[in-house]
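For reference, the structure discussed in these notes is given below.
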Amino acid sequence: MGGEAVEEAGGGGRGVAGSASALVVRHRPAGSPGAAVVVLHGGREHSREASRGWHLAALRMRPVLRAAVAATDRQDVLVGEVRYRYRGWNATADPVHDTVRALDELRRTVGEVPVTLVGHSMGGRAALRAAADPAVRGVLALAPWCPPGEPVEQLGGKRIVVLHGDSDRVTDPGESADYVRRARRTAAQAGLVLVRRGDHAMLRRCADWHRATAAIVAQLLRPERVMEGLAGEACAADGPLPW
């Protein structure tokens, strides 16, 4: 992708709508955006501490952001990151509200463009919830936190791919498998890639995580409904696809 790469400044980054923005733009195309990838980092189950760009959960997503920028040869893709108010999910699902705000800001700034959400851990859960927004066409959830009973009704017509390490000790790959099974009742496509020896922080086999992220994001950005490659194989598999 061509255009301007926008880096964080002073730990805060540049928001689309000023310092209180919920959306930080990391890559802005030279022309009018025709699509957007929005990244959501992880966090904690409970915390009202302010979320900062230098927290480890946010830093962990920098390679994912780079993979998203490199995911396609399209020249019109904007890449952004949700800025959370708090580090925690909390009882009020705060990251979901922040993501909704970020999508509203994106809409006001560039108009209606198809959006792909990429979220890790708590951010994966928030991305899957925020798929209810009509602009969201697809979600890539990395080692997501998908507790039992997590809703799937909002996924109607969406394309969903989950990557989860089989050695994850923070979030449960079995719960991701159950989520994907239920998601297939409503989503246009849903699949789970089970990363052999993969850990929660995506450090073990990190190059493979980043390569898979780039490949799947590229598929989710395509206008065609049927995905190919790793994403297509996962969605066509009867169960989790070992990789």
With side-chain contact (heavy atoms from CB on, under 4.5 Å) as the criterion, how do E150 and R129 come out once you've worked through the C-alpha distance, each side chain's angles and the decisive distance to 0.1 Å? CA-CA 9 Å; E150 189 68 8; R129 289 271 192 106; 2.5 Å; yes
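- When atom types are taken as modelled, the side chain of Q154 and the backbone of L128 share a donor-acceptor pair closer than 3.5 angstrom.
- A donor-acceptor pair under 3.5 Å is formed between the side chain of H120 and the backbone N or O of H200.
- Checked for salt-bridge contact, R101 and D104 miss the test: no charged N lies under 4.0 Å from a carboxylate O.
- In this structure, the side chains of V64 and V118 come closer than 4.5 Å at one or more pairs of heavy atoms.
- Following chains of ILVMFWY side-chain contacts shorter than 4.5 Å, one cannot reach L194 starting from L241, and the two form parts of different hydrophobic clusters.
- Of the residues listed (L155, V180, V152, T186), the one engaging I160 in a side chain to side chain contact (heavy atoms under 4.5 Å, CB included) is L155, and it is the only one.
- Atoms CZ and OG, from R125 and S176 in turn, are 12.0 Å apart once rounded to the nearest 0.5 Å.
- Side-chain contact check for D94 versus R85: some heavy-atom pair is nearer than 4.5 Å.
- For the pair V96/W89, a side-chain contact is recorded, criterion being any heavy-atom separation below 4.5 Å from C-beta on.
- Considering all non-hydrogen atoms of both residues, H41 and A57 come closest at CB-O, 3.2 Å.
- For the pair R182 and D178, the salt-bridge criterion is met [side-chain N within less than 4.0 Å of a carboxylate O].
- The main-chain N or O of P33 is never found under 3.5 Å from a side-chain atom of D76 such that the two would form a donor-acceptor pair.
- Residues H97 and T92 have side chains that never bring a donor and an acceptor to within less than 3.5 angstrom of each other.
- Distance alone, capped at 3.5 Å, is enough to place a donor-acceptor pair between the E105 side chain and the A22 backbone.
- With K158 contributing its side chain and V136 its backbone, the two residues share a donor-acceptor pair below 3.5 Å.
- A donor-acceptor pair under 3.5 Å links the side-chain atoms of R184 to the main chain of A190, judged by distance alone.
- Put simply, the side chain of Q75 gets close to the backbone of D73: a donor and an acceptor are under 3.5 Å apart.
- A chain of hydrophobic side-chain contacts below 4.5 Å, direct or via other Ile, Leu, Val, Met, Phe, Trp or Tyr residues, connects V110 to L117.
- Taken together through direct or relayed side-chain contacts under 4.5 Å among Ile, Leu, Val, Met, Phe, Trp and Tyr, V139 and V113 form part of one hydrophobic cluster.
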Run the side-chain contact (heavy atoms from CB on, under 4.5 Å) test on Y84 and L40 for me, step by step, so that the C-alpha distance in whole Å, both residues' side-chain angles and the decisive distance to 0.1 Å come before the verdict. CA-CA 9 Å; Y84 302 144; L40 298 79; 3.3 Å; yes
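- Across L220 and R159, no two heavy atoms sit closer than the pair O-NH2, 2.7 Å.
- M227 and C235 make their closest contact through CE-SG, 3.6 Å (heavy atoms, listed as atom of the first residue, atom of the second, distance).
- Interatomic distance, OG of S21 versus CZ of R83, reported as 6.0 Å (0.5 Å rounding).
- Between atom OG1 of residue T99 and atom CG of residue L23 there is a gap of 10.0 Å, rounded to the nearest 0.5 Å.
- Of all the heavy atoms in L192 and P173, the pair that sits closest is CD2-O, 4.4 Å.
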Stepwise, does the side-chain contact (heavy atoms from CB on, under 4.5 Å) test hold for L140 with L163? CA-CA 8 Å; L140 170 58; L163 261 67; 3.8 Å; yes
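- Contact detail for E175 and P147: the closest heavy-atom pair is OE1-CA, 3.8 Å.
- The closest side-chain heavy-atom distance from E49 to R44 is below 4.5 Å.
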Take D208 and W243, measure what side-chain contact (heavy atoms from CB on, under 4.5 Å) needs, and give me the verdict at the end. CA-CA 10 Å; D208 291 331; W243 183 69; 3.6 Å; yes
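- Atom CG of L142 and atom OG1 of T213 lie 4.5 Å apart (nearest 0.5 Å).
- Although no hydrogens or angles enter the test, the distance criterion places a donor-acceptor pair under 3.5 Å between the side chain of Q219 and the main chain of E228.
- Once rounded to the nearest 0.5 Å, the distance linking OG1 of T109 with CG of L78 reads 9.0 Å.
- With hydrogens and angles ignored, the 3.5 Å screen pairs no side-chain donor or acceptor of T171 with any backbone N or O of S121.
- For the pair S47 and R87, the tightest heavy-atom approach, listed with the atom from each and the gap, is OG-CB, 3.8 Å.
- Within the model, atoms CG of L103 and CG of D133 stand 4.5 Å from one another, a figure rounded to the nearest 0.5 Å.
- Both V69 and L221 are part of a single hydrophobic cluster, where members link through side-chain heavy atoms under 4.5 Å apart.
- A donor-acceptor contact shorter than 3.5 Å is absent between the side chain of R197 and the backbone of R205.
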